[in-house]
There are 2 protein chains.
Amino acid sequence: MSKEKRVAIIGAGPSGLAQLRAFQAAKQKGADIPEIVCFEKQKDWGGMWNYSWRTGVDENGEPVHGSMYRYLWSNGPKECLEFADYSFDEHFGEPISSYPPREVLWDYIQGRVQKAGVRPYIRFNTAVKSVTFDEHSKKFTVTSMDYTEDRLISGEFDHVIVATGHFSTPHMPEFSGFDHFPGRILHAHDFRDATEFQDKHVLLIGSSYSAEDIGSQCYKYGAKSVTTSYRSKPMGYDWPDNWTEKPLLAHVDGNVAHFKDGSTQHVDAIILCTGYRHDFPFLPDALRLKTSNRLWPLDLYEGVTFTPNPQLFYLGMQDLWYSFNMFDAQAWLTRDIIMGRIALPSAQKMEQANQHWRELEDEIETDANAFEFQGAYIDRLIRQTDYPAIDIKAVNQIFLQWKKDKKADIMGYRNRCYTSVMTGTDAVPHHTRWLDAMDDSLEAYLQRTARPSNMSVFRPAKAKATTKVPSKPQHQMASHLRDNRHSITARPKSQHLGASHSARSAD
Amino acid sequence: MSKEKRVAIIGAGPSGLAQLRAFQAAKQKGADIPEIVCFEKQKDWGGMWNYSWRTGVDENGEPVHGSMYRYLWSNGPKECLEFADYSFDEHFGEPISSYPPREVLWDYIQGRVQKAGVRPYIRFNTAVKSVTFDEHSKKFTVTSMDYTEDRLISGEFDHVIVATGHFSTPHMPEFSGFDHFPGRILHAHDFRDATEFQDKHVLLIGSSYSAEDIGSQCYKYGAKSVTTSYRSKPMGYDWPDNWTEKPLLAHVDGNVAHFKDGSTQHVDAIILCTGYRHDFPFLPDALRLKTSNRLWPLDLYEGVTFTPNPQLFYLGMQDLWYSFNMFDAQAWLTRDIIMGRIALPSAQKMEQANQHWRELEDEIETDANAFEFQGAYIDRLIRQTDYPAIDIKAVNQIFLQWKKDKKADIMGYRNRCYTSVMTGTDAVPHHTRWLDAMDDSLEAYLQRTARPSNMSVFRPAKAKATTKVPSKPQHQMASHLRDNRHSITARPKSQHLGASHSARSAD
C-alpha cells in the first residue's frame with residue numbers, strides 16, 4: 001500500500017463517515033493508508049442527520065441535501081443499525097430506548113468519528129461539481145466549489161467513493177390541477193415541521209415510509225385529518241379515526257382531491273411522499289450509477305465497486321433495511337479493495353456475481369426475505385474484512401418483531417424495546433410514550449424521569465454480547481447532559497436484565 | 001460575419017429571448033448570422049414568467065429557477081417595459097390595463113418570439129453544467145445536461161451569452177431560533193400561493209419589492225396580520241390596519257418574533273424577502289461576474305461585455321427599473337458586437353468607461369435619479385443599433401408617476417392607467433379593481449365586462465406613436481379567447497382616446 005494513492009470521498013454523512021472510520025481503523029492498527037480527502041457540501045457532518053430548517057437551496061445556492069424533519073424518531077429499532085465497533089452502550093454509558101429521536105442518533109454517529117479523530121480529512125462547505133476520468137493516466141479529476149474561499153478547485157485522485165446517499169433528490173410527479181391548487185404542495189424532502197399542518201386536512205401521496213411517518217407526525221401534531229393515497233395497495237395499519245387511505249389521486253380541482261375510485265376529499269395541503277431518485281449531477285454518463293431504489297442495483301460488484309470503472313465506488317446505494325452497519329461493511333470492504341488487500345476478479349466474474357445476486361433478489365417474496373437477503377449480503381462483506389462480526393440472524397429476528405410491533409400498533413410501536421445483538425443490553429422504555437413526547441431534543445431525551453414500566457423487551461434468540469461497555473462514555477455532550485440530570489425516580493420493572501447491567505454499574 | 005461562429009445563449013427567459021429576437025431581426029434583414037444554440041433548463045420558455053407550482057428542485061433535480069407566484073400582477077406599469085419592436089397593441093389588438101397579471105405578460109413575451117419563429121434555436125430541458133475557456137483556441141466549451149436524452153453533451157462556442165437572470169438564487173440569512181420555529185419558514189423564492197397563509201399571522205423579513213408585494217398578496221388573500229421587518233427604514237406606505245412595520249428581527253422564540261426595538265409579535269409563518277444573489281454555478285472563477293444587485297456592476301462594458309474575457313456577455317445583470325426593453329437594448333448591442341458591426345475599444349478604455357458609469361451611479365440620490373440613469377444607459381445602447389427608438393424621457397415620467405401613485409394608494413395603484421410611449425395608446429382600466437380581482441388568468445383578464453369609469457390616464461408629455469397597430473393581433477391564444485368573449489357592456493369614459501382607436505376598430 002503506497003502513500004501516493006489519493007482517495008476522494010464524496011459526502012460526510014453516515015456512509016462517508018463510515019469510510020473515514022474504516023481507513024482510520026486500519027491506520028490505528030499500523031497500516032499505511034492512502035491520502036484521503038472527503039468533500040462535504042454542508043458546514044457540518046452527519047449528512048441527513050444534520051438537521052436544517054432550510055429547504056430548496058442552501059445559503060450557497062446548492063440544493064439542500066437533507067430531507068430530515070423536526071420531531072423525527074427512528075422508525076426502526078436502533079438495535080438493527082448499531083455499529084459493531086461502537087455500541088450505544090459505549091456512547092451513552094447506559095441503556096436507552098429502541099427508537100431514539102434524530103438528535104440522539106446524530107449524537108451517536110458523531111461520537112464514533114469524534115473518537116476516531118477523522119474530522120481533519122473533511123473539507124466542509126465544499127460541493128463537488130464534477131468528476132472526470134482520464135483513460136490514459138487512469139486518474140479522476142474532482143472539481144469542487146469551496147464556498148468558504150469562493151473558488152473552484154480541481155484535484156487528481158486514484159479512487160473516488162460516492163457516499164452522497166439517495167434520499168435527497170425528490171421524485172416529483174405532477175397531478176392535474178396542481179397549478180391551481182390553493183395551498184401548499186411540497187415533497188417529503190421539503191417537509192420540516194408538522195405543526196405547520198395543525199388543524200389542516202393533509203393529503204399525502206404515497207404508501208411507503210415517508211407517507212407512513214409524515215402522516216403520523218401530522219396526526220401527532222394536530223392535523224384535522226390525514227389522507228394517504230396509494231398506487232398499488234393500502235398500508236393497512238390500524239390508523240386513527242381521522243386517517244383515511246384512498247386509491248391514487250386522479251386530479252385536484254381547487255381544494256378538492258379526486259381519487260381513482262371516484263371519491264373526493266377536501267384538502268388544505270398536499271405532501272408528495274413519492275420517493276427519491278438516485279441522482280449524481282456531478283458525474284458524467286460513463287461514471288454514473290443508474291438504478292431505481294432496489295436491493296441489488298446492477299453494475300456494483302459486492303454492492304460497491306462500479307464495474308464499468310472499478311476505481312470508482314458507491315456506498316449505501318441499496319434499498320435500505322439495514323443502514324449504518326451495512327455502510328460500515330461496505331466501507332471496510334471498499335477500503336480493503338483500494339488498499340490491495342482484496343483483489344477484484346475479472347470483469348466477467350464480477351458481472352456473473354452481479355447477475356447471481358440479482359436473480360436471488362428477484363426471488364424475494366416477503367419482507368422477511370428482503371432483510372434476510374440484505375443480511376446475508378452484509379455477512380458476506382464482513383467475513384472478508386476485520387470489521388467486527390455481527391449476529392445477522394439475531395438482527396433479522398428483531399426486524400421481524402419490529403414488523404409485528406408496527407402491525408399491532410402503528411402509533412405505539414416506538415414504545416417497544418429490544419435487546420442489542422452487539423452488547424446484549426436490553427433497551428429501556430423512553431420516559432414518555434412516543435405519541436405524547438412532543439420535545440425530541442437530546443436534552444429532554446436524556447432526562448431521568450419515571451419510565452413506563454409495562455413494557456417487555458424483545459430479545460432475539462442467541463443474542464450475544466460482543467463488546468465490553470467502557471467505564472466512561474465517549475461522548476462529551478452526553479456526559480455533560482448526564483451530569484445535570486435528575487436522579488432516577490423509577491425503573492422499568494418488566495425488562496429482561498442482562499449484560500446491560502454492566503452499563504448501569506459504569507454510570 | 002462568418003457563419004462558422006458559434007454562439008451559446010444560456011437561458012430562454014426575457015433576456016435570452018431578446019437575444020434570439022435580435023439575431024433573428026438581423027437575419028430577417030438579410031444578414032448572415034452566427035450559428036446559435038440557446039440552452040434552457042425548463043421545458044418551456046419565458047424564464048421567470050413560466051409559472052410552476054414546484055419549489056426546491058425540479059423534476060430533474062435542478063434548483064427551480066422561478067420565483068414566480070400565483071396571482072402576481074405587474075408591480076410597475078406595462079408602459080415602462082413595452083418592447084419597441086412589438087407593442088401591446090400589436091399583441092392584444094386592443095388596449096389593456098397598465099398592470100396586467102403574470103399570464104398576460106407571459107402571453108405578450110411569447111407573442112413576439114412566436115412571430116419571430118426562434119423556438120428551433122432552443123434546447124429545452126437542458127441545463128448548462130459548466131463553461132470553460134481555452135486560452136489557445138479562444139473557444140468556450142459548454143457542457144450541458146440534456147435531461148430528455150439523459151446525457152451530458154459538450155460543444156465549442158466562440159461566444160457565450162449568460163442570460164440566466166439574477167432573481168433565482170435566494171439570499172437566505174438565518175436568525176436565531178429558526179431551528180425551533182414551529183411553522184413554515186421560506187424565502188420569497190419559494191412563495192407560490194398566498195391562500196396558504198389565510199388566517200395566519202405572517203412575518204416578512206425585508207422592505208423591498210418582495211416584501212411589499214408578497215405582503216400585499218397575503219393581505220389580499222386573507223392573512224390575519226402582516227408584519228414586515230426592515231433593516232434600515234420602513235417602506236412607509238399607508239398600509240391596511242392589520243399591517244405593521246417593525247425594525248429588524250432579532251430572534252424568534254417558539255412562535256414569538258422579537259424585534260430590535262424590543263417589541264414582539266406572534267407569527268405563524270416567516271417569509272424571507274431578503275433578496276437574491278447573482279449566482280452562476282456553471283461558471284469558473286475567471287468567467288464569473290461578481291456583483292451585488294446594483295445599477296452599474298463593474299467588469300461589464302456597456303453593461304454587457306465581460307471585460308476580463310470580452311467573448312463573454314451578460315444580459316440583464318443590473319438592478320432593474322427598466323426590464324424587457326433594457327434587455328432588448330442589450331441584446332441588440334451584444335449581437336452587433338458579436339457580428340463585428342461594433343468594435344470594442346481597448347481594455348483600458350473599457351475600464352475607464354466602467355469607472356465613469358460607476359461614478360455616475362455613486363452620485364445617485366433619488367429614485368428618479370436611478371431610473372433616469374438607467375434610461376440614459378438604455379438610450380445610449382439603442383443609438384448604436386437598429387433597435388427602434390424609445391422616448392426614454394416619457395418613460396421616466398411614467399416611472400415618476402408610478403412612484404406617486406404607489407405612495408398615494410399602495411393597495412390601489414394597480415388600478416391606474418398610463419399612455420404607451422410606443423403607440424400613444426391609452427391603457428384602459430381592468431374590469432375589476434386589483435384588490436377584488438381574485439382570478440388572475442388570461443381568460444378572466446380578457447373577458448369583456450364593465451370597466452370602472454372613474455380612472456384618469458397618465459399621459460407623459462410628448463408621448464409619441466412610433467408603431468402602427470396591425471389589423472390583426474399576432475397571438476393565437478389571445479385571438480382564440482377574444483372570439484369567446486362577451487360583448488362590451490361598458491367603456492371607460494374618462495380615458496384619453498388616441499391611437500388606441502385603431503386597435504379597437506381592428507377587433
Set of ring pair (Phe, Tyr, Trp, His ring centres under 6.0 Å) partners for B:Tyr276, sequence neighbours left out = B:Phe167, B:His187
Cut-off 3.5 Å, no hydrogens considered: what does the side-chain donor-acceptor table look like for residues 176-185 of chain B, sequence neighbours left out?
residue	atom	partner	partner atom	Å
B:Arg184	NH1	B:Glu196	OE1	2.9
B:Arg184	NH1	B:Glu196	OE2	3.0

Looking at OG1 of B:Thr291 and OH of B:Tyr314, how far apart are the two atoms once the value is rounded to the nearest 0.5 Å?
-> 10.5 Å
Atom of A:Phe280, atom of A:Leu289 and distance for their closest heavy-atom approach = CE1-O, 3.6 Å
Parallel, tilted or perpendicular for A:Trp45 and A:Phe124, by the 30°/60° rule?
-> perpendicular
Whatever's closer than 4.5 Å to a heavy atom in chain B on A:Glu174 counts as both
Side chain from CB out, backbone as N, CA, C, O: work out which of these in A:Met145 comes under 4.5 Å of a heavy atom of chain B, or both, or neither.
-> side chain
Identify which part of A:Leu272 has an atom lying under 4.5 Å from any heavy atom of chain B, answering side chain, backbone, both or neither.
-> side chain
Locate the shortest heavy-atom distance separating A:Asp199 from A:Lys224; write the atom from each residue and the value.
-> O-CE, 3.4 Å
Residue pairs meeting salt bridge (Lys or Arg N to Asp or Glu O under 4.0 Å), one or both in residues 266-284 of chain A, sequence neighbours left out, come to none
Find the one option among A:Thr55, A:Asp190, A:Leu186, A:Asp150 whose heavy-atom pairs under 4.5 Å with chain B are most numerous.
-> A:Asp150
Over all atoms of both residues, closest heavy-atom pair of B:Phe175 and B:Pro173 | CE1-CG, 4.0 Å
Contacts with chain A made by residues 57-65 of chain B (heavy-atom distance under 4.5 Å), listed by residue number | B:Val57, B:Glu59, B:Asn60, B:Gly61, B:Pro63
